[in-house]
Amino acid sequence: MPQTEAQGAGNGGISGHRARGVPGPRLRWWTELPLILLVYGAYSAGRLLARGDVTTAVDHGLSILRVEKTLNLNLEHPLNRLFTAHASLGVPADFWYASLHYLVTPLILIWMFRSRAAHYAAARTWLMVSTLIGLIGFSLMPTCPPRLLASGHGFVDTMAQYSDWGWWGGQASAPRGMGSMTNQYAAMPSLHVGWSLWCGVMLWRYGRGPVAKTAAVAYPLLTTIVVMGTANHYFLDAVAGVAVMLVGLLLVKPVRRLAGRVTARFGPVVAAALPGRSGSGGDAASAEGTDAHPARAMNATSGTHASVVSGGCQTSTGERIPHQRKLGAESGSRAPSGVRPAGRPADSGDGAAATAGGAART
């Protein structure tokens with residue numbers, strides 16, 4: 001990762017421009033990975049805890065279906081019948097629903113981290129904030145997906161119909177025997193659609209070439225078709241997923257400003273409590289200076305002090321006056337009085353005369 005990009009990564013909104021008062025720390029994968037896993041773990045645990053009452057979830061699902069029929073937005077039935085009648089469409093759609101949600105999004109995150117570091121932090125914040133908003137939606141409005149409604153409503157669970165083709169069973173996209181570890185009533189909003197929209201925006205804005213642009217449009221569009229055709233979501237669930245992402249996008253800058261203030265306030269306290277970070281500030285500055293300047297490190301080891309010369313003159317490593325090696329290479333008869341060739345031992349008291357002579361030539 002380029003150092004210049006990494007140091008300024010994610011200091012502003014989704015475009016990556018620096019926001020006032022927000023620091024620009026260098027991003028490290030060993031700090032990013034636990035953060036992402038923590039948010040995803042909280043999201044998964046929250047889905048399990050926000051199960052809600054089944055009757056309430058069914059009522060919410062039927063209400064959504066009635067609203068869609070009133071608005072002539074009932075797209076789920078024709079797509080579901082198509083996927084049910086043709087295994088060549090239903091089986092790939094089931095694989096799409098069960099896997100890409102968890103593969104494409106992390107891959108886009110890794111790609112942003114490695115190749116678009118200046119925009120990564122804002123993009124990651126957008127994804128995380130939107131995911132947490134979706135979790136709130138699951139908690140406040142548990143919703144029964146179309147596939148779990150009574151058969152009289154005309155939906156077929158394609159995941160159950162084609163379960164012999166994949167690793168999933170009859171309970172959503174969870175592997176066989178693990179259906180109890182997922183919340184089947186977390187249909188509103190559809191984060192399958194929301195996350196795919198995020199991936200599409202990243203590919204469109206930061207990808208290059210027609211392939212990236214095509215994937216940016218096709219991936220969220222096909223995901224929307226898949227979630228409805230497999231009877232896992234209503235059309236309004238997909239609309240809600242888009243709305244959640246838009247709200248999350250609006251909150252990126254405020255959240256990053258707040259994170260910057262929290263880091264500025266508590267960062268030094270945390271750093272002081274970490275092992276190996278204790279000690280006086282002077283010791284840390286001394287260590288940093290020694291690592292950053294090899295000439296200083298050599299002088300500190302040998303016990304000599306680096307020469308300080310003003311007026312734009314500068315000494316090289318091992319020189320005590322400017323151009324000492326150049327002067328030493330000249331003929332001894334042409335050397336000015338008081339200046340000895342490099343490597344020749346000087347008598348006591350020659351230091352002042354040598355410095356004066358070098359300053360005069362400079």
Side-chain angles (χ1 to χ4, degrees), residues 1-47 101 104-140 189 191 193-207 216 220 240-274 277:
M1 182 192 334
Q3 181 177 355
T4 54
E5 284 190 342
Q7 288 178 343
N11 295 317
I14 196 63
S15 61
H17 299 301
R18 182 179 294 273
R20 295 181 180 178
V22 179
R26 173 180 290 185
L27 299 173
R28 304 289 189 180
W29 71 265
W30 55 82
T31 59
E32 284 298 307
L33 183 59
L35 175 62
I36 294 173
L37 292 178
L38 177 63
V39 173
Y40 182 74
Y43 160 73
S44 300
R47 279 179 55 116
H101 183 56
V104 176
T105 309
L107 287 176
I108 296 293
L109 269 174
I110 295 172
W111 169 68
M112 290 289 295
F113 182 83
R114 293 179 59 86
S115 303
R116 302 292 184 269
H119 311 284
Y120 165 79
R124 174 254 290 150
T125 302
W126 179 21
L127 181 65
M128 290 184 174
V129 170
S130 302
T131 300
L132 294 177
I133 295 174
L135 178 58
I136 295 174
F138 301 150
S139 304
L140 297 180
L191 286 186
V193 174
W195 285 11
S196 67
L197 176 63
W198 177 88
C199 294
V201 172
M202 295 301 106
L203 288 172
W204 184 268
R205 292 205 60 166
Y206 308 118
V242 173
V244 163
M245 298 307 295
L246 293 177
V247 174
L249 179 61
L250 295 176
L251 293 177
V252 169
K253 288 185 178 180
V255 168
R256 289 199 55 75
R257 291 194 192 102
L258 177 61
R261 295 191 187 100
V262 171
T263 301
R265 182 168 183 177
F266 297 103
V269 178
V270 175
L274 291 176
R277 294 297 184 91

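Since we're looking at a predicted model, the values are computed, not measured.
S196 and P220 make their closest contact through OG-CA, 3.4 Å (heavy atoms, listed as atom of the first residue, atom of the second, distance). Summarising the geometry of W204 relative to A216, their closest heavy-atom pair is N-CB, 3.5 Å, with the distance given to 0.1 Å. The minimum heavy-atom distance linking H101 with L191 is given by the pair CE1-O, 3.5 Å. The two residues S130 and M245 make their nearest non-hydrogen contact at CB-SD, 3.4 Å.
Scored by the side-chain contact (heavy atoms from CB on, under 4.5 Å) test, V104 finds L100, I108, C199, Y219 as partners (sequence neighbours excluded). In this view, P189 and F138, A240, V244 satisfy the side-chain contact (heavy atoms from CB on, under 4.5 Å) rule, not counting sequence neighbours.
With values rounded to the nearest 0.5 angstrom, M128 atom CE is found 15.0 Å from L251 atom CG. Expressed to the nearest 0.5 Å, how far CE of M202 lies from CZ of R124 amounts to 12.5 Å.
Looking only at distances, a side-chain donor or acceptor of R116 sits under 3.5 Å from a matching main-chain atom of Y206.
Between the side chains of W195 and T131, at least one donor N or O lies within less than 3.5 Å of an accepting N or O.
A 4.5 Å side-chain heavy-atom check between R114 and Y120 finds every atom pair outside the cut-off. Counting heavy atoms from C-beta outward, V252 and V129 have side chains that stay 4.5 Å or more apart. By the 4.5 Å heavy-atom criterion applied to side chains, V201 and L249 are not counted as neighbours.
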